[in-house]
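Quick notes on the structure that follows.
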Amino acid sequence: MAKMLDLGRSWKWLSAFLLLAFLAFWPTYLSRPLASGGFTHLHAATATLWMLMLIAQSWAIDRRRVPLHRALGKASYVLAPLLVLTVLLLAHQRIASVGPADFPIQTYILYLQVSLAFLFALSYALAIATRRSVARHSRFMICTALTLVDPVVIRILFWIGPNPGWNYQWLTFGLTDAALLLLIVLERRNRAGRAVFPAMLAVFAAAQAPALLGLTGGAAWQGFARWVAGI
């Protein structure tokens, strides 16, 4: 199990998750690409490349091809900022283009986009800062993949039930947190890097709370959303 947590064999799980992502985005995006704009395509491309990079890095470690792993890591210096940038550009495009009737729900979506971009950026920054510690670096890189759970699962839920009577984020965020809890349990006897997942679970939960508790409807976030829309 330690090898999986060090990205040694996680390429199998990441590959399965990427396949799930393709299925999730098929009805609304992949089956009709001409219906989406440029920022959407850029974001889809960078997110896909990020998952492919994680898979390739994990595979390289599993096959003891360390130079390949390091080369892919250097490519992430460009890819990670691009992924965050595409999220923010897409978020701005959507909040700036909606009418008054759709503005409240779009401010909620804006929070989801910004908070997930923050969690991804933080996870990646900590992964780079701890790159000389394999145990901590690999765990923070796993956390970058966990930020994609909500966007993928939420689309499957809306595919199954387009008109929910409850907030699907309770399930998508719950799955993300459950994955972190599972990793905490699985590595409870490991000493190296063991503090990473508990700390990131606290950070993820704090970032999720405003959406789950309806705080995005408050004056502070609404004012921020109006400012973003006016840029």
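The two residues I128 and R131 make their nearest non-hydrogen contact at O-NH1, 2.7 Å. The two residues S76 and P81 come nearest to each other via the heavy atoms O-CD, 3.8 Å. The two residues A101 and P104 have their closest heavy-atom pair at O-CD, 3.7 Å. Pairing each heavy atom of D150 with each of T176, the nearest pair is N-OG1, 4.3 Å. Closest of all the heavy-atom pairs between T216 and T107 is O-OG1, 4.4 Å. Of all non-hydrogen atoms in Q113 and A91, the two that sit nearest each other are OE1-CB, 3.1 Å.
With rounding to the nearest 0.5 Å, the separation of NE2 in H69 from CE in M53 is 8.5 Å. With values rounded to the nearest 0.5 angstrom, L126 atom CG is found 11.5 Å from H137 atom NE2. Within the model, atoms CZ of F197 and SG of C143 stand 5.5 Å from one another, a figure rounded to the nearest 0.5 Å. Residue D62 holds its CG atom at 13.5 Å from CD of Q57, rounded to the nearest 0.5 Å. To the nearest 0.5 Å, atoms CZ (R194) and CD (E187) are separated by 8.0 Å. Remark: I154 CD1 to L171 CG distance equals 8.0 Å, nearest 0.5 Å.
Other members of the hydrophobic cluster containing L213, listed by chain and number, are L215; membership follows side-chain contacts under 4.5 Å among ILVMFWY residues, whether direct or relayed. When hydrophobic residues (I, L, V, M, F, W, Y) are linked wherever their side-chain heavy atoms come within less than 4.5 Å, V185 remains an isolated member.
Hydrophobic cluster membership differs between V149 and L19, with clusters built from Ile, Leu, Val, Met, Phe, Trp and Tyr side chains linked at under 4.5 angstrom. In this structure, L119 is a member of the same hydrophobic cluster as W170, with clusters built from ILVMFWY side-chain heavy atoms closer than 4.5 Å. Criterion: ILVMFWY side-chain heavy atoms under 4.5 Å apart, direct or through other members. Under it, F22 and I156 are part of a common hydrophobic cluster. At a threshold of 4.5 Å between side-chain heavy atoms, the hydrophobic network of Ile, Leu, Val, Met, Phe, Trp and Tyr places I160 and F25 in one connected group. In the hydrophobic clustering of this structure, L23 does not group with L157; members are Ile, Leu, Val, Met, Phe, Trp, Tyr whose side-chain heavy atoms approach within less than 4.5 Å, directly or through other members.
Side-chain contact, Q208 with D177: a donor N or O sits under 3.5 Å from an acceptor N or O. Between the side chains of W50 and T144, a donor-acceptor pair is found at a separation under 3.5 Å. For the residue pair Q169 and Y108, a side-chain donor N or O sits within less than 3.5 Å of a side-chain acceptor on the partner. Side-chain contact check for S58 and S10: at least one donor-acceptor pair (N or O, by modelled atom type) lies under 3.5 Å. Donor-acceptor pairing under 3.5 Å is lacking for the side chains of S36 and Y29.
Remark: side-chain polar atoms of R139 are paired, donor with acceptor, to backbone N or O of A135 under 3.5 angstrom. Under a 3.5 Å cut-off, the side chain of S133 and the backbone N or O of T130 do not form any donor-acceptor pair.
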Begin with the C-alpha distance, continue with both residues' side-chain angles, and end with the deciding distance and a verdict on side-chain contact (heavy atoms from CB on, under 4.5 Å) for W11 and R63. CA-CA 11 Å; W11 62 270; R63 296 297 187 271; 4.2 Å; yes
Working for side-chain contact (heavy atoms from CB on, under 4.5 Å), residues L148 and F17: CA-CA 9 Å; L148 303 177; F17 181 70; 3.9 Å; yes
Would you sort out whether W59 and L68 count as a side-chain contact (heavy atoms from CB on, under 4.5 Å), showing the intermediate values? CA-CA 10 Å; W59 179 87; L68 175 59; 4.0 Å; yes
For I55 and W13: C-alpha separation, side-chain torsions, deciding distance, then whether side-chain contact (heavy atoms from CB on, under 4.5 Å) applies. CA-CA 9 Å; I55 292 168; W13 301 100; over 6 Å; no
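For F103, the ring-ring contact (aromatic ring centres under 6.0 Å, His included) criterion is met by no residue, not counting sequence neighbours.
Note: Y168 and W166 meet the aromatic proximity criterion, with ring centroids under 6.0 Å apart.
Taking the six-membered ring where tryptophan is involved, the planes of Y124 and F120 are essentially parallel, since the angle between them stays under 30° and well short of 60°.
R65 CZ: 12 or fewer foreign heavy atoms inside a 6.0 Å radius.
For the side chain to side chain contact (heavy atoms under 4.5 Å, CB included) test with Q93, the passing option among L89, L90, I95 is L90; the others fail.
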